[in-house]
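Read the structure below first, then the notes.
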Amino acid sequence: MPEDLSTQRLAWIQQSLQQLQREGLQRQTHVFAGDQAALLQLDGQQLVNFGSNDYLALAGDPRLRAAAVAATQQYGWGSGASPLVTGLRPPHRKLEQAISSFEGTPAALLFPSGFAANTGTIPALVAEGDAIFSDRLNHASIIDGCRLSRADVHVYEHADPRDLERRLAASGSYRRRLIVTDGLFSMTGDFAPLDALAGIADCYDAMLMVDEAHATGVVGDSGQGVAERQGVADRVDVRVGTLSKALGSAGGFVSGSSDLIQWLTNRARPYFFSTAPPAAASAAAIEALHIVRSEPQRRCDLTARAAELREALASQGWQTGRAAAHIIPVVVGDPVRARSLSEALRQRGFFVPLIRPPSVPEGHTLLRISLSYGHSVAAIRRLTDALGALRSGTPG
Ligand SMILES: *Cc1c(COP(=O)(O)O)cnc(C)c1O
């Protein structure tokens, strides 16, 4: 194809990018050199990393590295095929067993990512003639899974069981109903009211699916997530999680009944049309689950430090909404103002990412502080002081 013709056909992209730039919404990627740690190198500057989902500081843990190296030596790196063909290796199966034991469910299934777990599972559960009830702030992978399913999607107001119930009552007759929600919401840092949702699911004979991506390993007495914290773990039919956040590895999973897992093995397209993850990633995740079990102080310390930081920010007058865990949003609203705040923090040695639409609704641009067990108490105090100074306008 002549290049000028192609350039003409794609001219709309340049215009759209310019539009994003004008609105302060254009995204850029940065390469961060160095090791997985609470410290980042960016353009020669050292920054404390408040932007990672490595909540338990396991991504760089020597024990995970060693497990991955040993598995690579034994099984090679790539797995070569889908798990339904020849891609499944002993560490994958062992990890599925470790996940079901950790979750206290009969079975679990490993996916290439948490994103794939959602886009594969939802269309396996519902189809045309069925209805989904989905929280307004659910993760993009849940939204995409809903779209792929071709079921009718009823979006209920964020974390609002009364609105959910109203919509269920008004929804008429469907073959099957599915209620789906994040456990801990990744942008607002608040919990879904799972106890209320479980009651409503019983009343309306709906399946309940909870994505614990940000909570797995951190929230709940044993780290199962928000459902455990709210005492309703055994009332959640479909539990989704990721190995890529607090567990410091890569991959996603679904846990639940043996029938559910058998069904997903047969029907979840990203499970069998995608190559199995490297066995080494599973070996590292097995090690991470051991550590979550044997070192509960990681999640206890993290939870306590997050509570202190939320209180300090609230007393400085920042809006942190209903944040209740280790993800703490500082809601600014205007993207341009939020960007200058993020840059001011960077100058002071802190990386705190800017979260703009479409990741959050228009007008809700925020700085998202992800706390990790790897942050020192001193670093958190320095961040608190910097935000306090920026709030009151004095140079910090
Ligand atoms: C991050 C995230 C995912 C995707 O998990 P990956 O393993 O990173 O693909 C899914 N759901 C929620 C709620 C998430 O926050």
Side-chain angles (χ1 to χ4, degrees), residues 29 36 51-56 58-59 64 92 95-96 99 103 108-123 125 132 134-148 155 158-159 178-192 194 197 208-220 224-227 229 236 238-255 264 268-271 274-278 281-282 284-285 288-289 323-329 353 355 358-360 366 368-372:
T29 53
Q36 275 290 342
S52 167
N53 302 322
D54 182 21
Y55 302 125
L56 295 179
L58 292 179
L64 271 68
H92 298 126
L95 174 59
E96 287 174 341
I99 292 168
E103 293 277 324
L109 192 68
L110 191 58
F111 282 80
S113 67
F115 203 105
N118 281 325
T119 55
T121 299
I122 297 171
L125 298 174
I132 301 172
S134 174
D135 187 288
R136 182 173 294 288
L137 296 191
N138 274 344
H139 188 260
S141 56
I142 295 180
I143 296 172
D144 287 4
C146 292
R147 289 176 180 157
L148 284 170
V155 175
H158 173 55
L178 172 69
I179 300 170
V180 60
T181 183
D182 283 22
L184 165 55
F185 285 86
S186 56
M187 297 305 153
T188 45
D190 60 334
F191 296 136
L194 295 182
L197 266 48
L208 179 58
M209 171 167 167
V210 180
D211 178 353
E212 299 271 21
H214 288 278
T216 301
V218 181
V219 179
Q224 283 174 21
V226 180
R229 188 179 193 271
V236 175
V238 185
R239 300 207 229 164
V240 179
T242 181
L243 306 163
S244 62
K245 289 172 181 161
L247 298 179
S249 185
F253 66 84
V254 174
S255 77
L264 294 179
R269 291 160 65 86
Y271 176 71
S274 195
T275 300
S282 291
L289 284 171
H326 51 286
I327 298 172
I328 306 171
I355 311 286
S359 304
V360 287
L366 53 88
R368 179 181 181 274
I369 303 172
S370 292
L371 272 195
S372 165

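When a ligand or atom number is given, it counts from 1 through the structure's own listing order. What you see is a predicted model, and the numbers here were worked out from it, not measured in a lab.
F185 has its ring centre no less than 6.0 Å from the ring centre of H139.
The structure places CG of L95 at 8.0 Å from OG of S249, a figure rounded to the nearest 0.5 Å. Here the CE-CD1 distance, from M209 to I132, works out to 9.0 Å after rounding to the nearest 0.5 Å.
Residue contacts with ligand 1: G114 is placed with a nitrogen or oxygen under 3.5 Å of a nitrogen or oxygen of the ligand (distance criterion only).
Using a cutoff of 4.0 Å between basic side-chain nitrogens and carboxylate oxygens, E212 and R239 are not scored as salt-bridged.
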Stepwise side-chain contact (heavy atoms from CB on, under 4.5 Å) test for L247 and T216: CA-CA 8 Å; L247 298 179; T216 301; 4.1 Å; yes
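Residue H214 has at least one heavy-atom neighbour below 4.0 Å for each of these atoms of ligand 1: 14 (C), 15 (O). Atoms of ligand 1 lying under 4.0 Å from at least one heavy atom of S141, given by number and element, are 10 (C), 11 (N). In summary, the atoms of ligand 1 found under 4.0 Å from a heavy atom of A213, numbered by their order in the structure, are 2 (C), 11 (N), 12 (C), 13 (C), 14 (C), 15 (O).
For the residue pair H158/D190, the side-chain donor-acceptor check at 3.5 Å is satisfied. Between D144 and N118, the side chains place no donor N or O within less than 3.5 Å of an acceptor N or O (distance only, hydrogens not considered).
Around atom 12 (C) of ligand 1, the closest heavy atom drawn from D211, D182, V240 belongs to D211.
For atom 4 (C) of ligand 1, the closest heavy atom belonging to the protein is F115 N, 3.4 Å. Among protein heavy atoms, atom 8 (O) of ligand 1 sits closest to S244 OG, 3.3 Å. K245 NZ, 2.9 Å is the protein heavy atom nearest to atom 14 (C) of ligand 1.
Residue N118 touches ligand 1 through its side chain alone, judged by heavy-atom distances below 4.0 Å.
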